[in-house]
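What follows is a short report on a single structure.
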4 protein chains.
Amino acid sequence: MIKVGIVGGSGYTGGELLRLLSLHPGAEAVCITSRKLEGRPVGDVHPHLRGISSLNFESPSASEVAERCDVVFTAVPHGTAMDWVPDLLDAGAKVVDLSADYRLPLEVFERTYGMKHRAFREAVFGMPELHPEVRGAGFVANPGCYPTGASLSVAPLVGAGLAERVVFDSKSGISGAGNAPSETSHYPNMAENVIAYKLTTHRHRAEVDQELSRLSPGIRVSFTPHVVPAIRGILTTAHLLVKDEFIGSIPDRDEISKIYRDFYRDSPFIRLVPGVPSLGAVRGSNFCDIGFEVDGSGDRIVVVSAIDNLVKGASGQAIQNMNLMMGIAETEGLWLPGGAP
Amino acid sequence: MIKVGIVGGSGYTGGELLRLLSLHPGAEAVCITSRKLEGRPVGDVHPHLRGISSLNFESPSASEVAERCDVVFTAVPHGTAMDWVPDLLDAGAKVVDLSADYRLPLEVFERTYGMKHRAFREAVFGMPELHPEVRGAGFVANPGCYPTGASLSVAPLVGAGLAERVVFDSKSGISGAGNAPSETSHYPNMAENVIAYKLTTHRHRAEVDQELSRLSPGIRVSFTPHVVPAIRGILTTAHLLVKDEFIGSIPDRDEISKIYRDFYRDSPFIRLVPGVPSLGAVRGSNFCDIGFEVDGSGDRIVVVSAIDNLVKGASGQAIQNMNLMMGIAETEGLWLPGGAP
Amino acid sequence: MIKVGIVGGSGYTGGELLRLLSLHPGAEAVCITSRKLEGRPVGDVHPHLRGISSLNFESPSASEVAERCDVVFTAVPHGTAMDWVPDLLDAGAKVVDLSADYRLPLEVFERTYGMKHRAFREAVFGMPELHPEVRGAGFVANPGCYPTGASLSVAPLVGAGLAERVVFDSKSGISGAGNAPSETSHYPNMAENVIAYKLTTHRHRAEVDQELSRLSPGIRVSFTPHVVPAIRGILTTAHLLVKDEFIGSIPDRDEISKIYRDFYRDSPFIRLVPGVPSLGAVRGSNFCDIGFEVDGSGDRIVVVSAIDNLVKGASGQAIQNMNLMMGIAETEGLWLPGGAP
Amino acid sequence: MIKVGIVGGSGYTGGELLRLLSLHPGAEAVCITSRKLEGRPVGDVHPHLRGISSLNFESPSASEVAERCDVVFTAVPHGTAMDWVPDLLDAGAKVVDLSADYRLPLEVFERTYGMKHRAFREAVFGMPELHPEVRGAGFVANPGCYPTGASLSVAPLVGAGLAERVVFDSKSGISGAGNAPSETSHYPNMAENVIAYKLTTHRHRAEVDQELSRLSPGIRVSFTPHVVPAIRGILTTAHLLVKDEFIGSIPDRDEISKIYRDFYRDSPFIRLVPGVPSLGAVRGSNFCDIGFEVDGSGDRIVVVSAIDNLVKGASGQAIQNMNLMMGIAETEGLWLPGGAP
């Protein structure tokens with residue numbers, strides 16, 4: 001039984017880690033930290049876990065956590081994870097960091113997040129479909145929610161050299177903004193609305209750019225996020241503009257399907273669906289559903305992906321990474337159906 | 001491994017049975033029927049089950065189903081279940097009927113549903129918290145969604161003889177109306193709205209009346225249902241008016257809590273919560289959360305219960321019944337956290 | 001042209017007053033106050049009013065406001081209105097107070113709100129359907145949103161002496177809680193949920209009690225509020241329990257309809273509807289739609305009313321009061337259709 | 001007083017025409033047709049209009065309608081409008097057609113809609129901001145909802161010759177699909193979801209292409225629609241990719257603002273907003289709010305527009321057209337604030 005610690009467990013990703021671990025036959029949450037909630041049962045903050053988890057929040061040091069755990073998830077804000085990760089690693093724990101602190105090269109991180117990195121380490125980028133080196137790794141940086149939906153949607157086509165440019169237009173449930181009330185999450189503002197924000201400047205673009213550039217150097221990546229009246233889920237609409245050489249000669253539907261199936265043949269959580277994926281089908285699950293259509297104009301492919309932002313976009317992918325790091329089956333404890341309707 | 005059949009699997013309760021059974025270590029769905037979908041994979045209708053269930057819809061006879069299964073769930077409309085149940089039972093299967101056909105005594109059924117019963121049998125009313133005789137039973141009538149939330153909310157207080165009358169005001173997610181589009185379920189009608197319906201005539205009142213009258217003969221039961229802009233869940237507000245003899249001398253909060261705890265001491269899915277329960281905490285789970293408050297006026301107790309209408313209100317309770325009928329742990333495969341947020 | 005001032009214009013009721021006044025041919029908002037927004041255009045806070053209202057927030061004294069205005073709406077929190085109202089009145093303005101400060105007799109106010117009243121005055125209770133003395137009045141206390149929907153739903157039947165007791169179960173859109181983000185209004189908490197709160201202790205009960213007791217001394221009034229996933233609207237379900245003498249001999253549907261029509265014959269904003277009212281039909285309008293059903297059990301009538309909490313439940317009713325106070329047609333500027341779908 | 005007829009009044013656009021006309025001081029609906037609802041009051045179908053409109057549905061001939069009306073709105077499906085329009089015009093009525101039958105040149109219409117046109121006439125394209133010739137016209141084709149939000153969002157920049165290509169990613173409330181229940185509009189499918197559809201083949205692309213090509217021949221236009229959990233509104237995200245010659249030298253924020261202000265200086269319903277527009281600010285109103293951001297990459301401008309699909313995207317724009325056709329002020333009866341919150 002893998003012993004798991006969760007650093008920073010009061011937020012949605014912490015709760016979701018506990019929820020998913022409660023369903024995992026080979027792992028067990030043994031420690032969850034929160035300075036301000038020390039001593040209180042997790043059910044006070046995560047009422048859906050009452051009776052399921054009997055843990056209380058604790059406030060131990062990194063080395064104490066590492067001592068009691070085989071794997072530690074750091075689910076704290078960016079800028080804070082760097083205060084935990086090196087100590088956890090040095091104390092011998094495997095670490096999956098859910099913050100942004102270790103997803104980008106040092107200089108890209110500092111430029112993108114506008115802050116000095118106080119404790120940089122090299123991490124494996126934790127998107128197993130694109131990074132088989134997660135298997136057996138000791139330190140993994142769990143990707144952002146938007147980059148997961150975006151990168152997975154087009155990676156096969158980008159890898160095949162088809163894309164000149166991809167314009168990502170993403171629609172996220174509001175839980176991605178966390179559990180603290182805000183103007184944006186205020187029901188009268190969010191309901192019956194779609195809120196576009198950071199039209200050209202969202203930090204997650206850097207991760208998508210990093211991943212797609214590895215597959216096709218020089219590709220141009222644009223990204224515009226929106227929040228929609230939904231609690232969970234990200235629907236990513238990828239407008240892939242093909243290179244001039246493919247205009248008018250885009251592979252047909254069957255060929256593109258084959259490109260996807262080949263690329264993802266060892267990726268159990270990717271489902272290529274007929275038609276267009278929807279958020280309901282992935283709600284609560286670790287699946288990434290993908291559908292596409294070739295524009296009759298001959299110069300564009302529209303790909304749509306659907307994930308649950310808190311699962312495949314955060315805590316589920318983190319557990320998928322843990323499974324691979326610990327050498328157990330990738331799907332262990334994660335082969336969960338979505339919660340439709 | 002318990003072999004399970006699902007008769008009538010194209011609706012929400014059928015999909016939910018498959019979802020829950022996919023998480024059950026001791027049971028396996030081996031057969032799911034739908035005449036009109038014969039031959040098609042379940043993922044076509046329940047896209048969240050793609051990759052999870054490899055079953056195809058079939059159209060076998062009752063005896064064929066019974067032959068292949070230990071337990072059969074009939075998830076067909078009322079009036080249709082009676083065409084299946086006797087044959088299934090006679091062929092040796094244990095049956096949990098999710099329709100209304102066997103929840104009420106013959107004459108009450110015929111009066112309430114305005115139809116002749118063509119094949120009556122005695123069933124155990126499948127609410128294990130109130131009917132320990134479910135254990136080992138061969139035929140169980142699974143309760144309606146509203147009656148589950150309503151009966152469980154006040155059963156301990158009614159059993160203690162406190163109630164003169166209970167006015168139930170229930171608020172249900174719209175999935176309770178099934179997966180067929182209708183005026184009511186049309187998004188522009190349902191969103192930003194609350195729809196009261198069958199203000200005094202909903203058929204589920206008969207089930208609540210039956211259960212509470214067993215506990216306190218002569219009690220008066222009123223019931224008014226509403227649908228609210230939510231997919232899943234029933235929040236029941238029970239306005240319990242105390243008998244004259246208790247006016248001004250209602251037991252205090254601690255005493256009432258004790259009544260609940262004693263009554264439900266062997267009922268793992270009941271959670272008495274501080275404050276007021278919410279639908280998020282039970283979403284996707286088999287829990288029934290209950291909170292209450294004593295009116296300072298001294299003549300009313302307001303109890304609020306929250307369930308997931310498709311789980312504790314339908315498919316989850318059906319599996320809970322199956323567990324008990326088959327002699328395995330009541331919580332087997334059902335000890336699932338809710339899906340908040 | 002009636003000159004109107006709005007004291008405390010940064011909230012939803014302030015914005016709604018401006019919206020409705022912009023449609024009023026005989027009145028004009030000339031002054032809107034907010035200390036913290038002084039100098040800023042109203043469109044900054046109420047973006048739907050950009051181009052419609054050219055007012056800037058100001059921070060004048062009460063006497064300055066009174067000097068420039070014929071009528072002043074005080075749309076500030078309870079406890080603050082009392083700092084404005086006497087000065088406004090003394091300076092010669094007519095006043096409609098939208099807070100709770102003047103809705104109840106002094107001692108009831110102090111007990112209910114747990115505070116000393118620093119500047120009590122007698123006001124007319126501003127529900128014109130029950131208080132014709134609003135016409136020509138100089139100071140009106142605008143009712144709470146819940147009490148409006150509740151009192152209007154059953155006033156005719158209570159006035160006819162039918163009711164022993166009324167159990168009000170109200171469902172409100174979340175805008176009733178104001179424009180400040182909170183745990184309750186946080187989208188992931190409010191969406192897909194129904195939140196019962198203050199199950200037995202909501203302060204608005206006192207207003208309903210006051211109004212119904214006037215019509216039928218000794219009547220028992222219970223009130224439990226809920227918020228539902230909707231921005232606007234209150235659906236009130238009134239479970240009216242008849243006096244013993246009427247059990248089994250409740251007036252029939254036509255007789256009850258006649259009671260309503262007679263009672264509200266001079267009340268243009270009351271619409272008795274066939275079937276059950278819905279929030280969409282009143283959204284954005286000053287109507288109160290009412291429907292009912294007699295319980296076959298012979299001891300209960302269920303009445304459902306629908307209002308827009310920000311219009312008939314607040315700012316619209318305030319303008320209705322203003323019209324009557326100023327001697328113009330009650331419907332002037334308010335004869336607006338609802339905004340369905 | 002302009003006498004107005006509405007052919008096909010049972011749908012959302014018909015109801016919205018009535019709602020808006022009820023607020024119009026210079027026009028009056030005198031006739032509304034529906035074959036299947038003949039004789040019934042409009043309030044039966046549009047309950048928000050009870051008490052507001054006393055019309056009954058009728059089933060007259062085109063010439064009868066034309067005789068009684070100065071202006072006729074045809075609010076029937078495409079393919080049906082062509083059965084009414086020529087007769088109405090020949091009988092002397094001015095006509096605003098809300099269907100797609102006259103928005104495109106004959107051959108483009110037939111190719112796009114896959115049907116023969118039985119009665120083609122030339123119409124003015126009814127987007128007054130781009131077509132001043134609406135003033136005084138006798139026959140106007142009212143644009144589609146998506147094309148309105150899309151074309152208005154970028155017309156100034158396209159007119160300025162900046163755009164190589166525009167990728168439109170539109171998010172619509174579900175009322176755009178009409179009032180007939182469907183799989184898509186079924187609440188459990190639509191809520192908590194975003195549904196991309198017709199990823200590359202939506203017919204409205206042709207209208208956008210037509211309008212933008214007039215402003216910048218050769219421009220490439222892509223369009224992908226989505227429905228979101230909202231009743232009303234379209235938020236259009238326009239990813240404008242600049243011509244090579246402007247890469248790295250895009251006009252700055254102030255210059256672009258000036259381009260918009262100059263282009264729309266005579267367009268009262270266009271509001272250029274700081275930040276990003278939202279649906280709440282335009283709900284129920286005829287405004288089109290526009291905001292934008294220049295991508296630091298130097299090759300893209302992201303423009304976001306917000307309209308109410310049933311008002312500026314349909315019935316409001318139709319009345320705006322009527323005002324201009326009849327020579328009265330463009331804003332008459334339409335200077336309505338949005339209904340936020």
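Residue numbering restarts at 1 for every chain, and letters A, B, ... go by the order of the sequence lines. In what follows, every heavy atom counts, from backbone to side chain, and hydrogens, waters and symmetry copies are set aside.
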Query - Exceeds 12 heavy-atom contacts within 6.0 angstrom, atom CG of D/Asp244 - result: no
**Report entry** A/Lys243 NZ: over 12 foreign heavy atoms closer than 6.0 Å
**Finding:** yes
Which of [range] have a heavy atom under 4.5 Å from any heavy atom of chain A?
range: residues 179-191 of chain D; answer: D/Pro188, D/Ala191
range: residues 222-229 of chain D; answer: D/Ser222, D/Phe223, D/Thr224, D/His226, D/Val228, D/Pro229
range: residues 200-210 of chain D; answer: D/Thr200, D/Thr201

Please check if the side chain of [X] supplies one atom and the backbone of [Y] the other of a donor-acceptor pair under 3.5 Å.
X: A/Asp252; Y: A/Asp254; result: yes
X: D/Arg253; Y: D/Phe292; result: yes
X: A/Thr236; Y: A/Ser305; result: no
X: D/Ser315; Y: D/Thr13; result: yes
X: A/Asp308; Y: A/Gly233; result: no

**Report entry** For chain A, the option from D/Val302, D/Leu235, D/Asn193 that forms the most heavy-atom pairs under 4.5 Å
**Finding:** D/Asn193
Query - Heavy-atom pairs under 4.5 Å with chain A, option from D/Ala196, D/Gly296, D/Ala306, D/Gly280 with the top count - result: D/Ala196
Is [X] in contact with chain A via its backbone, its side chain, both, or neither, using a 4.5 Å heavy-atom distance?
X: D/Val303; result: neither
X: D/Ile231; result: both
X: D/Arg232; result: backbone
X: D/Val276; result: side chain

Does any backbone or side-chain atom of [X] lie under 4.5 Å from a heavy atom of chain D? Answer side chain, backbone, both or neither.
X: A/Ile301; value: neither
X: A/Val194; value: both
X: A/Leu199; value: both
X: A/Arg283; value: side chain

How long is the straight-line distance from [atom2] of [Y] back to [atom1] of [X], given to the nearest 0.5 Å?
X: D/Lys171; Y: D/Asp169; atom1: NZ; atom2: CG; value: 3.5 Å
X: D/Gln317; Y: D/Leu152; atom1: CD; atom2: CG; value: 7.0 Å
X: D/Phe246; Y: D/Leu240; atom1: CZ; atom2: CG; value: 10.5 Å
X: D/Ile234; Y: D/Ile307; atom1: CD1; atom2: CD1; value: 4.5 Å
X: D/Glu164; Y: D/Leu241; atom1: CD; atom2: CG; value: 8.5 Å

Nearest non-hydrogen partners of [X] and [Y], listed with the distance:
X: A/Val304; Y: A/Pro277; result: O-CG, 3.2 Å
X: D/Ala238; Y: D/Val166; result: CB-CG1, 4.0 Å
X: D/Ile219; Y: D/Ala163; result: CD1-CB, 3.8 Å

Query raised in the report: Taking the six-membered ring for Trp, are D/Tyr260 and D/Tyr264 parallel (under 30°), tilted (30 to 60°) or perpendicular (over 60°)?
Result: tilted
Query raised in the report: Should the pair A/Arg220-D/Asp295 be classified as a salt bridge under the 4.0 Å nitrogen-to-oxygen rule?
Result: no
Report summary line: Those residues of residues 284-291 of chain A that come under 4.5 Å of chain D on a heavy-atom basis, listed by number, are none
